[in-house]
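So the structure is just underneath, and the comments pick up after that.
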Protein chains: 2
Amino acid sequence: MKVKLGMKNCLYPMPTTIVGSLVNDKPNYATIAHVGIMELTTISLGMNKNHYTNQGIKENKTFSVNIPSEKIVKETDYCGLVSGKNKDKTAFFKTFFGALKTAPMIEECALNMECQLVKTVDFPHHDVFIGQIIETYCDETVLTEGAVDLGKLKPLLFAMNDRSYWGIGKKIGNAWNIGKELIT
Amino acid sequence: MKVKLGMKNCLYPMPTTIVGSLVNDKPNYATIAHVGIMELTTISLGMNKNHYTNQGIKENKTFSVNIPSEKIVKETDYCGLVSGKNKDKTAFFKTFFGALKTAPMIEECALNMECQLVKTVDFPHHDVFIGQIIETYCDETVLTEGAVDLGKLKPLLFAMNDRSYWGIGKKIGNAWNIGKELIT
């Protein structure tokens with residue numbers, strides 16, 4: 001039986017990311033799972049206006065999106081618990097920079113997307129930053145035949161429902177393929 | 001070692017959804033995983049302009065976002081393989097309507113979000129529809145203590161990397177909690 005939950009967002013799980021920006025010339029990181037895909041290489045971040053990281057994105061028009069694995073779940077959660085206003089969150093990570101120079105990235109995350117801000121959509125409580133991916137850096141260890149393998153990546157999946165992180169399960173099937181048998 | 005993948009979107013997995021709209025007064029469904037969260041109850045759909053479903057969203061300013069489970073992976077994939085232009089995709093599902101009257105929802109999906117279109121962001125190849133969730137319908141069987149339980153929901157997670165669907169794994173820890181021990 002269906003029950004009504006009210007205006008409840010149930011679009012979970014979402015991939016947990018650590019967003020990097022340079023605030024006052026210092027790298028800062030924030031844990032963000034309210035992300036999205038607009039076009040194929042254009043992604044969005046729904047970031048509460050209180051985040052310190054937002055200042056750096058506005059200032060430099062660049063940011064990074066880093067994908068943490070299960071192994072660094074504590075460090076990832078930590079970056080969502082404390083603010084760069086009063087804590088230096090770079091201590092847990094080795095920071096590197098790419099082509100854009102102002103988008104700090106995390107060596108310990110197997111995937112890093114370096115982004116150029118292309119648009120900001122203003123919401124009452126959130127800045128929605130839309131970025132074009134300029135370059136993606138990847139640990140070779142998470143690739144299978146040249147493609148990112150979620151089974152090796154072991155991303156952290158976030159659910160607001162019960163405020164929890166989940167792991168990835170098993171591959172179920174191929175997209176644009178497994179449903180072919182239903183075509184009449 | 002890090003390798004460069006170019007402008008590669010690696011923001012996966014994303015939740016696979018089936019988006020519903022009423023096109024020429026008939027329900028239509030499209031499989032969409034390029035979704036996002038803007039504010040807490042505002043979500044986005046990055047939909048290629050070729051999709052038939054887009055017409056209905058533009059016409060009625062409403063849509064639904066339905067969350068399919070592993071059990072209906074074939075039907076879900078089917079809705080991404082064929083177009084409503086020449087196939088009636090409602091045959092596999094029981095359709096129901098809610099408060100908005102023009103956002104068809106799928107009974108067989110455990111979660112259904114009924115949305116009001118609030119903004120469209122235009123991209124070269126995609127309409128990005130931003131919707132406010134008006135009401136959420138949920139099968140009681142996927143709830144644990146009133147919250148949606150991903151272990152019961154068994155959502156389909158999509159990865160463009162190797163064009164595949166994945167299942168959800170195990171709960172790893174609580175957000176805004178598991179990292180507390182690192183706070184000094």
Side-chain angles (χ1 to χ4, degrees), chain A residues 1-5 7-11 13-15 34-41 43-44 46 70 73-74 77-78 80-82 111 113 123 125-126 128 133 135-140 147-148 150 158-159 161-176 178-179 182-183, chain B residues 1-5 7-11 13-15 34-41 43-44 46 70 73-74 77-78 80-82 111 113 123 125-126 128 133-140 147-148 150 159 161-176 178-179 182-183:
Chain A
M1 208 190 86
K2 296 270 180 196
V3 291
K4 289 185 186 179
L5 301 181
M7 291 165 44
K8 184 93 180 160
N9 182 0
C10 292
L11 191 59
M14 292 298 269
H34 284 174
V35 294
I37 298 177
M38 315 261 100
E39 284 214 313
L40 287 185
T41 59
I43 59 181
S44 66
E70 293 183 16
V73 61
K74 287 181 186 172
D77 194 50
Y78 171 84
L81 278 165
V82 302
L111 278 168
M113 288 174 273
F123 281 88
H125 306 290
H126 287 67
V128 174
I133 300 163
E135 185 62 78
T136 299
Y137 304 84
C138 174
D139 285 357
E140 279 180 308
V148 174
L150 295 184
F158 173 76
N161 314 317
D162 57 357
R163 298 163 63 97
S164 57
Y165 300 112
W166 293 70
I168 188 83
K170 289 192 163 50
K171 195 184 281 197
I172 292 170
N174 294 320
W176 295 289
I178 197 172
L182 300 183
I183 300 177
Chain B
M1 209 192 83
K2 297 271 179 195
V3 290
K4 289 186 186 178
L5 302 180
M7 292 165 44
K8 185 93 180 159
N9 182 1
C10 291
L11 192 60
M14 291 300 269
H34 284 174
V35 295
I37 298 178
M38 314 262 100
E39 284 214 313
L40 288 184
T41 58
I43 59 181
S44 66
E70 293 183 16
V73 61
K74 287 180 186 172
D77 194 51
Y78 172 84
L81 278 165
V82 302
L111 279 168
M113 289 175 273
F123 281 88
H125 306 290
H126 287 67
V128 174
I133 300 162
I134 297 300
E135 184 63 78
T136 299
Y137 304 84
C138 175
D139 285 358
E140 279 181 308
V148 173
L150 295 185
N161 315 316
D162 56 358
R163 300 163 62 98
S164 57
Y165 300 112
W166 292 70
I168 188 83
K170 289 192 162 51
K171 194 184 282 196
I172 292 170
N174 294 319
W176 294 289
I178 197 171
L182 300 184
I183 300 177

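These figures come from a predicted structure and were not determined experimentally. Letters go in sequence order (proteins before strands), and every chain restarts at 1.
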Do A:His34 and B:Met38 have side chains that approach each other closer than 4.5 Å (heavy atoms only, starting at C-beta)? no
Quick one: what part of A:Ile43 sits under 4.5 Å from any heavy atom of chain B, side chain, backbone, both or neither? side chain
Taking A:Asp139, A:Val35, A:Ile37, A:Leu11 one by one, which has the highest count of heavy-atom pairs under 4.5 Å against chain B? A:Ile37
Region of A:Val73 that comes under 4.5 Å of a non-hydrogen atom in chain B: both
Minimum heavy-atom distance B:Ile172-A:Trp166, with the two atoms named: CD1-C, 3.6 Å
Atom OH of A:Tyr165 and atom CG of B:Asn174: how far apart are they, to the nearest 0.5 Å? 9.5 Å
Only pairs of heavy atoms separated by less than 4.5 Å count here; which of B:Thr136, B:Ile168, B:Asn161 has the most with chain A? B:Thr136
If one checks every heavy atom of A:Met113 against chain B at 4.5 Å, the contacting part turns out to be side chain
Part of A:Lys2 lying under 4.5 Å from any heavy atom of chain B: both
Straight-line distance of B:Met7 CE to A:Glu135 CD, nearest 0.5 Å: 9.5 Å
Applying side-chain contact (heavy atoms from CB on, under 4.5 Å) to B:Asp162 and A:Lys171, what does each step give before you reach the verdict? CA-CA 10 Å; B:Asp162 56 358; A:Lys171 195 184 281 197; 2.7 Å; yes
Among A:Met1, A:Lys74, A:Glu39, A:His125, the residue with the most heavy-atom pairs under 4.5 Å to chain B is A:Glu39
Shortest non-hydrogen contact from B:Pro15 toward A:Pro13: CD-O, 3.4 Å
Give the minimum heavy-atom separation between A:Gly179 and B:Leu81, together with the two atoms involved. C-CD1, 3.6 Å
Pick one of side chain, backbone, both or neither for A:Val3, based on which atoms fall under 4.5 Å of a heavy atom in chain B. both
Locate the shortest heavy-atom distance separating B:Trp176 from A:Phe158; write the atom from each residue and the value. CH2-CZ, 3.8 Å
Which of the residues A:Leu40, A:Ile183, A:Leu150, A:Leu5 is involved in the greatest number of heavy-atom pairs with chain B at under 4.5 angstrom? A:Leu150
So what's closer than 4.5 Å to chain A heavy atoms on B:Val128: side chain, backbone, both or neither? side chain
Quick one: do B:Lys4 and A:Tyr137 satisfy side-chain contact (heavy atoms from CB on, under 4.5 Å)? Show the steps, please. CA-CA 5 Å; B:Lys4 289 186 186 178; A:Tyr137 304 84; 3.9 Å; yes
Non-hydrogen atoms of A:Asn9 and B:Thr41 that approach each other most closely: CB-CA, 4.4 Å
Max heavy-atom pair count under 4.5 Å with chain B, selected residue of A:Gly46, A:Ala175, A:Gly36: A:Ala175
